[in-house]
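The structure appears right after this line, and notes come after that.
A, B, ... follow the sequence lines: proteins, then strands. Residue 1 opens every chain.
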Amino acid sequence: MTMTPMRDRLFPSALFALFIVLATGCERKEGCMDPLAINYDAEVETDNGSCVYEVPGTYLNLRFNHRLGGVDFGYGAVATNWEGRKVKFTLAQFYMSKIKLGTTTFEDSYLLVSARKDLLGVGHIGAGDHAGLSFNVGVDSAVNHLDPATWPFDHTLSSNNIDHAHWSWNPGYIFMKLEGRVDTTAAMDGDADAAFSIHIGLDELLTNVALAGNMNVSGDTAIIGINVDWLRFLDNVDLRLERSTDSFNNPGLAVAVKGNIASAFSLE
Amino acid sequence: MGLAACERDVEHPLPVDVPEWFPEMVVPADNALTADRIALGRRLFYDPLLSRDTSISCSSCHAQAMAFTDGRQVGLGVGDRAGKRNAPSLTNIAFVPAFNADGGIGTLELQAQGPIFLHEEMDFTIAGFLERIAGDDTYTAMFGAAYGRRPDAFGISRGLAAFERTFVSGGSRFDQYEYQSVSTALSAAELRGRDLFLGNVAQCAQCHTPPLFTTFAYENIGLYAVYADSGRARITGLAQDNGRFKVPTLRNIALTAPYMHDGSMATLRDAVAHFNNGGVGHANQSAHVRPLGLAPQQVDDLVAFLQSLTDEGFVNDPELSEP
């Protein structure tokens with residue numbers, strides 16, 4: 001059993017609550033307002049970020065090993081795709097949801113995986129051996145169409161997120177963004193200078209990924225490593241002919257990339 | 001401090017001056033109209049800090065003097081990036097059930113977030129805006145007063161929507177004549193145009209139905225044989241929705257040129273002439289769009305009537321201007 005103070009996460013809220021009290025002149029009892037916390041106080045009117053929770057088990061993190069084929073991922077780094085064509089990425093990110101390790105599903109955990117980040121927290125899980133890791137690339141339909149402004153401030157799906165990816169004109173998250181440049185010469189001897197922009201979304205393009213393996217977690221925190229080969233998302237895509245989709249305007253390209261998603265992941 | 005000192009936390013609905021001949025204004029439960037919310041939204045609406053290079057605000061494409069349009073064929077975003085459609089008027093936006101010309105967005109609160117992110121509009125992020133105003137005590141106080149929270153996407157989207165819901169326009173000369181018994185409010189030409197508009201020959205009111213001058217239906221008006229913009233079909237994926245766009249309000253229409261979803265018609269006369277000609281005969285074309293056989297004088301009368309829908313009080317209302 002570990003005790004996890006939540007003040008780091010809630011500190012900005014506490015500051016704001018303090019401001020409101022000062023601004024309005026209202027004297028309110030401060031403390032913890034979350035009934036799930038062990039120091040919950042029903043008489044508290046202002047949450048000051050002091051909630052403390054009993055947290056069972058091990059906190060699971062996922063570490064992403066971003067790759068471009070045989071080399072480490074780098075924005076602007078020129079790599080060679082499935083047909084020997086030069087490709088470089090300028091934006092690479094996707095949403096991950098319904099993460100399941102063994103028999104434990106992290107129902108409320110949503111990650112925004114960016115090639116700029118390598119370690120993301122998932123949640124607590126019982127220590128021990130767990131067989132199989134699976135997740136969705138994208139956001140399930142029940143959540144996909146909610147107003148992103150209604151999530152808590154620091155939630156992954158909030159439109160406060162600096163990497164927020166969402167179609168405003170037909171509301172729903174952009175599950176995956178792949179943007180960059182590619183050499184489009186027939187001889188594949190030119191520069192990677194033609195822009196490509198592939199945005200995958202829509203409920204029907206939600207993709208489940210299942211990775212087989214036995215994973216042991218123990219201690220306060222555990223890390224499971226996942227390889228992501230960003231080039232594999234573009235396997236068998238002819239980027240000379242097809243370089244843009246918002247999923248609506250070129251569903252064929254979106255479906256082709258969706259078909260590559262599962263094979264782009266592996267366990268470290 | 002007793003409870004009395006905390007009464008400012010309670011939301012007091014602020015009645016907007018809605019003409020009695022208008023339908024009821026429905027406001028979301030999480031965004032009841034209050035003076036504080038409208039004030040916050042008003043500041044946000046005119047704030048260029050919402051755009052990546054701080055060059056444009058909501059008002060750049062939605063200027064009050066033009067009934068909250070911009071006079072351009074299509075909107076211009078940061079770096080003069082051209083948008084894809086003509087900026088719609090925000091006249092009576094509180095009564096609109098779905099947003100954008102294709103109706104893809106169901107709430108004004110959700111719509112308000114879109115332009116901030118769109119590459120061809122503000123091309124920015126809410127996170128970036130929040131960073132810019134982090135030291136702005138006035139903004140912090142306004143968000144707190146309006147929504148009881150620090151500046152965030154919720155307050156931005158709700159505040160903008162609250163301010164836009166005050167864009168109520170029902171003070172035209174047509175309103176004076178039709179609903180307030182001012183028999184001299186319309187000229188003879190405007191009255192002839194009114195009769196054409198409401199009557200069975202032109203049948204304009206079938207789609208542009210008073211008092212809002214729209215049914216909010218999606219119609220193909222036969223602008224093109226092949227539409228570059230698929231309109232409603234972009235949302236539904238249905239072939240029968242190709243080229244169908246939401247029927248726009250005609251209130252303040254004389255101020256919102258150019259016309260059509262793509263701004264392809266420069267004048268009101270061009271638009272009336274299109275309907276008089278009956279469209280190009282697209283497979284999805286509305287049955288209401290067919291050759292009308294109107295004489296030039298009748299076209300003039302219709303244009304005159306449309307000009308009577310201008311609400312000078314609305315476009316000069318100081319409460320809607322830049323604070």
Side-chain angles (χ1 to χ4, degrees), chain A residues 10-29 45-47 91 112 145-174 177 179 195 197 199 202-204 244 246-251, chain B residues 1-9 28 30-31 84-85 99-107 109-119 121 125-131 134 137 140-141 143-145 147-161 230 233-237:
Chain A
L10 297 175
F11 183 63
S13 300
L15 267 185
F16 182 69
L18 178 62
F19 167 80
I20 290 299
V21 169
L22 292 175
T24 61
C26 299
E27 292 177 356
R28 294 172 157 183
K29 183 176 181 181
E45 295 176 288
T46 300
D47 193 307
L91 182 59
L112 180 47
H145 308 293
L146 300 177
D147 183 340
T150 58
W151 291 99
F153 191 94
D154 293 323
H155 195 280
T156 298
L157 298 179
S158 167
S159 36
N160 295 313
N161 193 315
I162 188 69
D163 294 318
H164 183 59
H166 189 267
W167 280 309
S168 59
W169 48 273
N170 191 13
Y173 289 88
I174 305 172
K177 279 186 171 182
E179 297 179 11
S197 174
H199 292 181
L202 305 180
D203 292 340
E204 56 268 33
S244 178
D246 64 9
S247 297
F248 295 85
N249 62 6
N250 187 354
Chain B
M1 291 281 180
L3 284 176
C6 295
E7 281 187 354
R8 72 179 66 183
D9 291 348
D30 68 358
N31 201 20
K84 296 180 173 64
R85 291 177 179 156
F99 302 90
N100 287 356
D102 52 33
I105 305 177
T107 70
E109 282 73 10
L110 196 48
Q111 193 285 329
Q113 299 167 59
I116 299 169
F117 292 93
L118 282 174
H119 176 74
E121 297 194 32
T125 63
I126 285 176
F129 172 72
L130 294 177
E131 186 177 338
D137 293 339
T140 302
F143 276 87
Y147 295 102
R149 52 205 293 160
R150 58 176 160 165
D152 67 352
F154 186 91
I156 293 169
S157 60
R158 270 61 189 167
L160 284 168
S230 62
R234 190 183 186 211
I235 303 302
T236 67

Could you tell me the separation between the NE2 atom of B:H119 and the OG atom of A:S197, rounded to the nearest 0.5 Å?
9.5 Å
Could you look at B:L118 and say if it's the side chain, the backbone, both or neither that has a heavy atom under 4.5 Å from chain A?
side chain
side-chain contact (heavy atoms from CB on, under 4.5 Å) assessment of B:R150 paired with A:F153:
CA-CA 9 Å; B:R150 58 176 160 165; A:F153 191 94; 3.4 Å; yes
Over all heavy atoms of both residues, which pair between A:N161 and B:A127 is shortest? Give the atoms and the distance, please.
C-CB, 4.2 Å
Chain A heavy atoms under 4.5 Å from B:F117: which part of the residue, side chain, backbone, both or neither?
side chain
A:E204, CD atom: more than 12 neighbouring heavy atoms under 6.0 Å:
yes
What is the distance from atom OG of A:S168 to atom CD1 of B:I116, rounded to the nearest 0.5 Å?
10.0 Å
Do the non-hydrogen side-chain atoms of A:P148 and B:L110 ever get within less than 4.5 Å of each other?
yes
Minimal heavy-atom distance between A:P171 and B:G104, with the atoms involved, is CD-O, 2.9 Å
Distance check, rounded to the nearest 0.5 Å: A:N170 atom CG versus B:D102 atom CG?
7.5 Å
Gap between atom CD of B:Q113 and atom CG of A:D147 - 0.5 Å precision
4.5 Å
Rounded distance [0.5 Å steps], CZ in A:F248 versus OG1 in B:T236:
10.5 Å
Among the listed options B:N100, B:I105, B:T125, the residue most often paired with chain A at heavy-atom distances under 4.5 Å
B:I105
Contacting region of B:D152 [heavy-atom separation from chain A under 4.5 Å]:
both
Tell me, out of A:N249, A:D163, A:N160, A:I162, who's got the most heavy-atom pairs with chain B below 4.5 Å.
A:N160
Is B:I235 close to chain A through its backbone or its side chain, or both, or neither, when contacts mean heavy atoms under 4.5 Å?
both
Can you tell me how far CZ of B:R234 sits from CG of A:D246, rounded to the nearest 0.5 angstrom?
5.5 Å
Ring pair (Phe, Tyr, Trp, His ring centres under 6.0 Å) against A:H166, all qualifying residues, sequence neighbours excluded:
A:H164, A:Y173
